[in-house]
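Report on one structure; see the data block that follows.
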Amino acid sequence: MYLVALAYLLCYVIPAIVLDILQIRHIRTYATQKPVILNAQDYNLAANYAIAQRKVSLYEHVFSFLILVFWLQFGITYLMQTCNAQPISSFGANWLVLMSFIIIHALLHFPFSIIHKRIDLHYGFNKQRIKDFLLDNIKIICLSGILFSIVFAILLWVMESLHLWWVIGFLFVFCLIVLMQLIYPTLIAPMFNKFTPLKDEALSQRIQALMECVGFKSSGIFVIDASKRDGRLNAYFGGLGSAKRVVLFDTLLDKISEDGLIAILGHELGHFKHKDIICNIAISGSILFIIFAIMGLFFDSLCLYLGLPLTESSILILAILLLPVLSFLFMPIQSYFSRKAEYRADAFGAACVSKKALSEALVRLVNENKAFPHSHPAYIFFYYSHPPLLERLKALGGLYDRN
């Protein structure tokens, strides 16, 4: 157990803590300098917000290590003994162990979700009422419970029935992820937000013309009531195939000019034109395959080393516990390709209107979202899926200077 805990500590917890500390110090250093992009008040607010989030992240990393030790030391064994004592089949016991673990593990981490919500509330981002917050979480629990119950039951059956279970397991989970991309915009998202067709005919026609230029076919242009939960701005193209739809936050329509909005949507269409979505799916699929291969080839031995019963549920529990390490190690690869794609998408979005329109829209987004414009290079390397705004503006020709 100690070697696994040490590897978790060295490969994930300590590097993540170091990155958070570097980011906090970097922000504090630049917070005392002359503001860029943001005005002085928002510049300080953005710095304080980013530091508050990183401080909570520090505690989360330490907590995740303690939880890992708890589960490996006696939590998994106790859970298995309790569930196996029930008068049910071995498959039923495996499923009960796994679902019990997921519920307990989620409850242990839930307080940090509350803390992040409170930070958002303190800094004016979270506008959600307690009633809506509770209702959203009830929906999430119900949907997650149904989905996880079915998915893990199928995975357990595959693991029990097939020798090369990890290959079929990978294909099943990968197909499920793609399916979720298909159904999320039309079946799941409307459970949490109200979608209404865009009423501005002139803007709708400009968006339609923009989509036709790249051959993008959507099922409609919709506005969601994001302002009832959050004050930040966003827009995206959701779904795959015929389920694709254009989604605009109502906050975005109130804050961004029409040219700026077209430039932002042009940026998103740039991802479609350059097949970045397919590339992201391929990268994610490759990483998922490696994770399943590690599970299939090494986790039997890992269970024996840890003194755990060699069961399908113990393998999946270990995978869930060690997933943060694997995700952390692969994150720089995903972030690197994502940042490159963002530069290409920016160039396309600027070409749809102008570099000035996109630059001003990006600056407006940062101002409204109170994103601190400076980050440590190491933090960017690991975590940033988008290049820092100052770098994006520079790539666009440095057309915007707050000063």
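Remember, it's a predicted structure, so these values are computed and weren't measured experimentally.
The CG atom of Asn137 lies 9.5 Å from the OG atom of Ser144; values are rounded to the nearest 0.5 Å. Here the CD atom belonging to Gln23 is positioned 5.5 Å from the OH atom belonging to Tyr379, to the nearest 0.5 angstrom. Note: Trp71 CH2 to Thr77 OG1 = 10.5 Å, rounded to the nearest 0.5 Å. Rounding to the nearest 0.5 angstrom, the gap separating the CH2 atom in Trp95 from the CZ atom in Phe148 is 13.0 Å. Atom CG of Leu322 is separated from atom CD1 of Ile294 by 10.0 Å, given to the nearest 0.5 angstrom. Annotation: the span from Ser375 atom OG to Leu19 atom CG amounts to 11.5 Å, rounded to 0.5 Å.
When side chains are defined from C-beta on, Leu261 counts as touching Leu248, because their heavy atoms get closer than 4.5 Å. Between Ile290 and Leu326, the closest side-chain pair of non-hydrogen atoms is not below 4.5 Å. Proximity of Thr196 to Phe222: side-chain heavy atoms (C-beta onward) are nowhere separated by under 4.5 Å. Side-chain atoms of Ser204 and Ile221, non-hydrogen and from C-beta on, do get closer than 4.5 Å to each other. Contact check for Ile27 versus Asn48: no side-chain heavy atoms found under the 4.5 Å cut-off. Two residues are said to be in side-chain contact when any heavy atoms from C-beta on lie closer than 4.5 Å; Ile277 and Gln181 fail this criterion. Side-chain contact check for Gln53 versus Asp120: some heavy-atom pair is nearer than 4.5 Å. Within the 4.5 Å cutoff, side-chain heavy atoms of Val246 are placed close to those of Met211.
A ring-centre distance under 6.0 Å is not found for Tyr59 and Phe112. The distance between the ring centers of Tyr78 and Phe74 does not fall below 6.0 angstrom. The six-membered or imidazole ring of His109 lies near that of Phe63, with a centre-to-centre distance under 6.0 Å. Residues Phe328 and Phe382 bring their aromatic ring centres within 6.0 Å.
Remark: Lys370 is not positioned above the aromatic ring of Tyr49, lacking an NZ or CZ atom under 6.0 angstrom from the ring centre and at most 45 degrees off the axis.
For the pair Ser314 (side chain) and Thr311 (backbone), a donor-acceptor distance under 3.5 Å is present. Under the 3.5 Å distance criterion, the side-chain polar atoms of Arg206 are left unmatched by any main-chain donor or acceptor of Ile262. Panel note: side chain Ser64, backbone His61; a donor-acceptor pair is recorded below 3.5 Å. Of the possible polar contacts, none joining the Ser338 side chain to the Gln334 backbone as a donor-acceptor pair under 3.5 Å is found. Between the Asn367 side chain and the Leu38 main chain, no donor and acceptor come within less than 3.5 Å of each other. The backbone N or O of Leu323 sits less than 3.5 Å from a side-chain atom of Ser327, completing a donor-acceptor pair. Under a 3.5 Å cut-off, the side chain of Arg25 and the backbone N or O of His376 do not form any donor-acceptor pair. Judged by distance alone, the side chain of His274 and the main-chain N or O of Gly270 form a donor-acceptor pair under 3.5 Å. Of the possible donor and acceptor atoms, none in the side chain of Arg392 sits under 3.5 Å from a partner among the backbone N and O of Tyr343. In this structure a side-chain-to-backbone donor-acceptor pair under 3.5 Å is present from Thr32 to Thr29.
Heavy atoms of other residues, nucleotides or ligands lying less than 6.0 angstrom from CZ of Phe298 number 12 at most.
Tested against Trp166, the residues Phe292, Phe289, Phe172 include a single ring-ring contact (aromatic ring centres under 6.0 Å, His included) partner, Phe289. Considering Asn94, Leu98, Leu321, Ile102 in turn, Leu98 is the only one that fulfils the side-chain contact (heavy atoms from CB on, under 4.5 Å) rule with Leu316.
Residues Asp276 and Arg344 are paired through a salt bridge, judged by an N-O separation under 4.0 Å between the basic side chain and the carboxylate. Salt bridge Glu360/Arg364: absent, no basic N to carboxylate O contact under 4.0 Å.
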Decide ring-ring contact (aromatic ring centres under 6.0 Å, His included) for Tyr43 and Phe372; before the verdict, give the C-alpha distance in whole Å, the side-chain angles of both, and the deciding distance to 0.1 Å. CA-CA 7 Å; Tyr43 188 79; Phe372 194 71; 4.9 Å; yes
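Between the side chains of His386 and Glu391, no donor-acceptor pair of N or O atoms lies under 3.5 Å. If you check the side chains of His374 and Gln33, you find no donor sitting under 3.5 Å from an acceptor.
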